[in-house]
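Shown next, in structure tokens, is the structure this report addresses.
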Amino acid sequence: MALTNAPTPPSAYAGTAHTNDYQFSQGTGYVLPEYAAVVPDAVRTGKAEHHRILIVGGGITGLTLACSLAQLGVDCVLLDEDNTVGVKGASSRGICYTQRSLEIFDKLGIFERIQAKGIQWSVGRTFAGKDEVYNFDLKQQTNFSLSQQPAFINIQQFYNEGYLVDRITELGHAQIRWNNRVTQLSNDEGVATFTVATPAGEYRATADYVVDATGSKSPFRQWLNVGVKAKKGDDRWCIADVRFNTRPPTERHTWIEAPFNDNRAVWQHLMADDVWRIDYQMAPDADPEYVSSEAQVRERLAKQFGPDTQVDIVWVGPYAYRSECVDSMCVDLGAYAARDSAQQPLHSTQKLLQNKHPGQQPASHVFLIGDSAKVVSPFGARGGNTGIADADNLAWKLAAVVQGHAAPALLASYHPERHEAATTNVQVTNRTARFLRPADGVERLFRTAVIGLAKQHPFARALVNTGRMAVANPYAASPLTDAALQLSISVQNVALQWANGPPACLNDLLRWAGTRPLLLVFGDASGSLPSSAIAKLRALASASNLRVVHVVPQRSQAQVRETVIDAHGLLASACGLPAATPAAPSAPAHSSQASSVCQWALLRPDSYLAARGNQLGAALVSAVARCAGQSAPGAPA
Amino acid sequence: MSPAALDPQLTDADGFYEALLDAHTGLSTEQSALLNARLILLLANQIGDAKVLAHCIDLAKPGTGSAA
């Protein structure tokens, strides 16, 4: 079955980028790094290639996935349609990276580069008219304090993409092919077959696992025939990336009603290189070209920052806010081929399906990540950060399956987890969009009431919605989570100490565990292991399907080979467990009371909590099995 | 201490606000006003306490503080 329209001519690699509606209007633009085109041998030989994992699209999500796989020692090929990160002629795109994304980048080894280039911020202020409605300081919020990484760093997206490319080059395993544009995807009896155009000609490739990281504007959704729920309002904004001769404070400022923008919303954010992102909400009937013209932008900036402020315009363009979410983030091409042939009995694939034999190539699975799966209005940094989390979620599962540590069934957990996250992020951002662009009539009336009350009363500030900042989405509906856990949460990158002294962090343990789950054992109320647990732990540690580490409050308590010190019980807190209090050296062990209690938490390679408990028993065994794509012993598949 | 609670008490502020706006979607101005009136009376009965209600009415009046 052909999933495609007419094939595109070979010269199509030079076509325009499938970017997400950022239209360049004015400015000096960004200088992006350029990479050499890659022409694989298949162009010359004419032989089709086969890959275990093929990623299409070298944006922030595709590159995060490729880098994560490389980090785990798994080979993959990534095809990118042009020869640069970022998008030629587009804006800086995503600028605001969450603590969770920064933790993922730390695991991949590029956090220091981002920290050095980017801007940390924690204070946000919201204004209506001339009045400040409320402010917040993320440093004062305890939910950000357990991690080694800050709450947010602002940096232009292409810098992070460039760091990922550099890191992939260092790691090996992942091959990035610049100037390789997919012009056709067909489903040959369940096998994904690509036609790829390069500057030197075309080649064909098949793959077992295909990752669509091409964004929302590529032909992939049509090729794959996935359903999309979309919501397009009339809210359009003008994005201006500018430099000043005077520095505004390093804070996030949002105006619900800005006097210098005809009482419509304005966003103000700092990025790297002293560039500021200023977003102006347009009137619904405004002409986007006019609003985004340099003269108009300069006039607004003068009203906002004063007539004497000198401004360099780096980039200006209009952007239409919208939301989209696909129905399925995983497509089994084998099922497609079977269904298609059932519906169309005369279709040629039916015969081929009947001829399937044991040695035949298995059906391909396509995973949609990042903007390929969902697009949200950019409130609360829920776009790119969600894509990075998609990649982090998929990477260890793909790697574990390809390395043979897990059954392919593990991959079935990608859709329910990340679709839940996508759906939540669409809902949350749509609510913000509605607050910022209320319908005329009663919606605007309620907003006026909220703003008026919020200036006086704290309760109404909870209703002022200028964006709910992105968090690591918890999973309520995951087949990998122990039933006793209500939610699977992301455990923060807590600072630790190796048993011999040097500093460590949770990411060090996760890197050591690779694609295997990590069992953190906290012991009894004093942090000691009951004697009955030591033998069990030794047996568990010698098994190949997980890594075990004893987390102790102080060095003297090390009882098994792999030990880390968590002096303040922060890791236990991050796992939702009570922190241990070390027993005084002179006090006798509370052996009768504590002998059977042994607190533990099982972390997936993406740092999400799979299970926790206080007995090394059946719940732990089942949880480990689920992380390897096996149904729990005695449980239905 | 004022009789009316002015610190946040809503367990899901965004969810409540969405449900409130959804309830008005597609209604005429008159129907919306009637919905609001019915809702106020229902919520008042949840509060019950006369002092709290009197304080809320006072706070909501035009010209009180900087109500927009």
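In this structure, CG in Asp7(B) is found 10.5 Å from CZ in Phe459(A), a value given to the nearest 0.5 Å.
For the side chain to side chain contact (heavy atoms under 4.5 Å, CB included) test with Val442(A), the passing option among Leu20(B), Asn36(B), Thr25(B) is Asn36(B); the others fail.
Salt bridge annotation for Asp14(B)-Arg434(A): absent, with no cationic side-chain nitrogen under 4.0 angstrom from a carboxylate oxygen.
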For this session: Starting from the C-alpha separation in whole Å, work towards a yes-or-no answer on side-chain contact (heavy atoms from CB on, under 4.5 Å) for Glu18(B) and Phe435(A).
Result: CA-CA 9 Å; Glu18(B) 182 173 57; Phe435(A) 189 83; over 6 Å; no

Exercise. Does the pair Leu59(B) and His457(A) meet the rule for a side-chain contact (heavy atoms from CB on, under 4.5 Å), with working shown?
Worked result: CA-CA 10 Å; Leu59(B) 288 172; His457(A) 308 303; 3.9 Å; yes

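Contact annotation for Leu27(B): neither backbone nor side-chain heavy atoms come within less than 4.5 Å of a heavy atom of chain A. With a 4.5 Å cut-off on non-hydrogen atoms, Ser32(B) touches chain A through its side chain but not through its backbone. Interface remark: Val428(A) contributes no atoms to any contact with chain B (heavy atom separation under 4.5 Å). Contact of Arg468(A) with chain B is made through the side chain alone, with heavy-atom distances under 4.5 Å. With a threshold of 4.5 angstrom between heavy atoms, Leu21(B) approaches chain A through its backbone and through its side chain.
Residue Lys229(A) places its NZ atom among 12 or fewer non-hydrogen atoms of other residues, nucleotides or ligands, all under 6.0 Å distant.
In terms of heavy-atom proximity, Ala462(A) sits nearest to Ala13(B) at O-CB, 3.5 Å. Here the closest heavy-atom approach between residue Pro458(A) and residue Pro8(B) is recorded as O-CG, 3.9 Å.
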